[in-house]
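Comments concern the structure below.
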Amino acid sequence: MDGKPANAERARVRPRLRLRLRTVLLTLSLSVLVLPVASLQVLRIYESVLIRQTEGSLVAQSAFTVAIYRSAFHREVGNGGGSGVAAGDGQPAPGATLDLAVSELLPPFAPARPAQEADPVALRVGTTLGDVLRDASAATGAKVRVFDANGVVVATTEDDVGLSLAHNVEVGLALAGRSASRLRRVAVDPAPIAAISRNTAIGVHVASPIVVDERLVGGVLVSRSPSTILGALSGKYWLLAQAATLVAAVVVGIALVAARTLVLPIRRLRRAAGRLARQETDRFDGGRPYRVIELAELAASVQAMAESLQERARYVRDFARHVNHEFKTPIAAMRGAVELLREHIDTMTKEETRGFLANLDVDIERLERLTLRLLELADADMARPSHEVIDVMDVAKALDRPEVHIASDGPAAPVRMARASLEAVLQNLIDNALEGGAKTVDLRASAAGDRLFLDVSDDGPGVSPGNRARIFEPFFTTRRDAGGTGLGLPISRSLVRHAGGDIELSAAPEGASFRITLPTDATASGAS
């Protein structure tokens, strides 16, 4: 058939990789979702980098302030002088340890509280550092506070000298001889455009102990808010342009993938459906590859529909030609007889008149048989699968034909087929055999797997080799003079195929042998 090469060509061009439609849609959706999620993650990472940078600069500034204070303390009291508490070996200032993703975010820094008087020595040393701290703060933007061993501020860039900071956790750690870095919220109301950065409401606080001659004499607290993302990106317009170009390229790539895998194939199918609607079934393009499984299956279904429509169109065209031929012959004979009777009825004898009327009666009977058979064929072609479960041996025995010998190679499995349809098929085969010259007909049932085979054989002259390929064609008959219509076997094949089976002419040493194949009903078999 013409469909086999087309199917082979479609199998050859079928792509190796095909995806489910839901997989394509999910992939595209995730790809679109990844862009903002990835951008946010990059921003979060960059925020942590800015916090680390701020912490590192504050740690350095804190160490510098500790060194200046220690030098001033020595000048003020000399070696071994002054008050303080034992601090052991102390701890060096830590490196950058803060991470916005894992570090605890504490409440805003608690304001300084009234306290007892500051240590006099520490206060004198702090007084000498005031100008230095303010100059450093103006350059770095950081707030610097120096406190004594009790947490009372002795030098500051703010206005809190003589107040206590000991109630804040990082100051307490410094008074315990440990350096500490903490993140705290800042009670500010950032501008809306800066709200994309969490750094606008965060402050970095670094506290370091001041140890002189193994005595803790105070500590340093340095704090500052890190740079915002907008501030950090200021001036990096070329990098922003590159990032925007990359995002646009990704979006365009996603759109192209969607167009290639979904939009274009759907357009091809729409055009193909339009051709089918215009009955241009011979122009359906079913050989194009489809990478989406659902679209490939849809294209295969449309292709199968196109082939079915082509086959149906050929069938209807041939059927109409055969019907025209079959009806034309008796109608022409009837018209000729009527014309002769009209012209010569007055001069005809009664015998001649009866002869013409008999011929008319034969032609009318042939037309009646053809009409009835055509109705039967139409019903068979339009039949729907039946849910009736029958036993083929019971149907064969119920025919009660003495010429038929019934046998079975074992218990016959039930089949799902309308009883009337199987009766019509068997009657057609038996009548064809007997009308063709057979004396007896053998009917034998056998089963193999989920199939039941019904062999109908006769002892007649059989089918000639030249006619074996045509016996199932509508209107093909070798007994036209005897009233054959050539529709019995086509009707039988339609009825059997609608039941999910088939019928074919089998090889036989003598006579004709037909094999009917029907699917068995597993549910009924198990129940029996």
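Treat the numbers as computed from the prediction; the structure is a model and nothing was measured. Residue numbers start at 1 and run along the sequence shown.
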May I have the step-by-step check of side-chain contact (heavy atoms from CB on, under 4.5 Å) for L399 and V404, ending in yes or no?
CA-CA 9 Å; L399 295 177; V404 179; 6.0 Å; no
Would you call E423 and R419 a salt bridge, taking side-chain N to carboxylate O under 4.0 Å as the test?
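Salt bridge present between E423 and R419.
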NZ/NE/NH1/NH2 to OD/OE distance under 4.0 Å, D455 and R515
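A salt bridge links D455 with R515.
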Side-chain contact, heavy-atom cut-off 4.5 Å: [X] with [Y]?
{"X": "Q427", "Y": "R401", "value": "yes"}
{"X": "R416", "Y": "P519", "value": "no"}
{"X": "T353", "Y": "T349", "value": "no"}
{"X": "I364", "Y": "M334", "value": "yes"}
{"X": "V392", "Y": "V415", "value": "yes"}
{"X": "V204", "Y": "I51", "value": "yes"}
{"X": "L105", "Y": "R185", "value": "yes"}
{"X": "L518", "Y": "L454", "value": "no"}

Stepwise side-chain contact (heavy atoms from CB on, under 4.5 Å) test for M393 and I406:
CA-CA 8 Å; M393 302 307 292; I406 302 173; 3.1 Å; yes
Quick one: does any side-chain atom of [X] pair with a main-chain N or O of [Y] as donor and acceptor, under 3.5 Å?
{"X": "D391", "Y": "P414", "answer": "no"}
{"X": "S225", "Y": "I202", "answer": "yes"}
{"X": "D458", "Y": "T440", "answer": "no"}
{"X": "R184", "Y": "P107", "answer": "yes"}
{"X": "N428", "Y": "L489", "answer": "no"}
{"X": "E55", "Y": "L98", "answer": "yes"}
{"X": "R493", "Y": "I503", "answer": "yes"}

Please round to the nearest 0.5 Å and tell me the distance separating atom [atom1] of [X] and atom [atom2] of [Y].
{"X": "S492", "Y": "R497", "atom1": "OG", "atom2": "CZ", "value": "12.0 Å"}
{"X": "I516", "Y": "L429", "atom1": "CD1", "atom2": "CG", "value": "5.0 Å"}
{"X": "I491", "Y": "S421", "atom1": "CD1", "atom2": "OG", "value": "11.5 Å"}
{"X": "I430", "Y": "E435", "atom1": "CD1", "atom2": "CD", "value": "11.5 Å"}
{"X": "E403", "Y": "H405", "atom1": "CD", "atom2": "NE2", "value": "8.5 Å"}
{"X": "L422", "Y": "L426", "atom1": "CG", "atom2": "CG", "value": "4.5 Å"}

Where is the tightest heavy-atom contact between [X] and [Y], given as atom of each residue plus distance?
{"X": "S506", "Y": "R468", "answer": "O-NH2, 3.4 Å"}
{"X": "L183", "Y": "S103", "answer": "CD1-CB, 4.0 Å"}
{"X": "D459", "Y": "K439", "answer": "OD1-N, 2.8 Å"}
{"X": "L505", "Y": "F472", "answer": "N-CE1, 4.1 Å"}
{"X": "G460", "Y": "A438", "answer": "N-CB, 3.6 Å"}
{"X": "M417", "Y": "A499", "answer": "CG-CB, 3.7 Å"}

Does any donor atom in the side chain of S513 or S457 lie under 3.5 Å from an acceptor atom in the other side chain?
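S457 and S513 do have a side-chain donor-acceptor pair below 3.5 Å.
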Hydrogens and angles aside, do D502 and T517 bring a side-chain donor and acceptor to less than 3.5 Å of each other?
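T517 and D502 do not have a side-chain donor-acceptor pair below 3.5 Å.
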Please check if the number of heavy atoms outside R335 that lie under 6.0 Å from its CZ is greater than 12.
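Atom CZ in R335 is not packed in, count stays at 12 or less.
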Taking CZ in R267 as the centre, count heavy atoms belonging to other residues, nucleotides or ligands within less than 6.0 Å. Is the count above 12?
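Open.
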Hey, which of L340, I345, D361 is the one that makes side chain to side chain contact (heavy atoms under 4.5 Å, CB included) with F356?
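One option only clears the test, and that one is L340.
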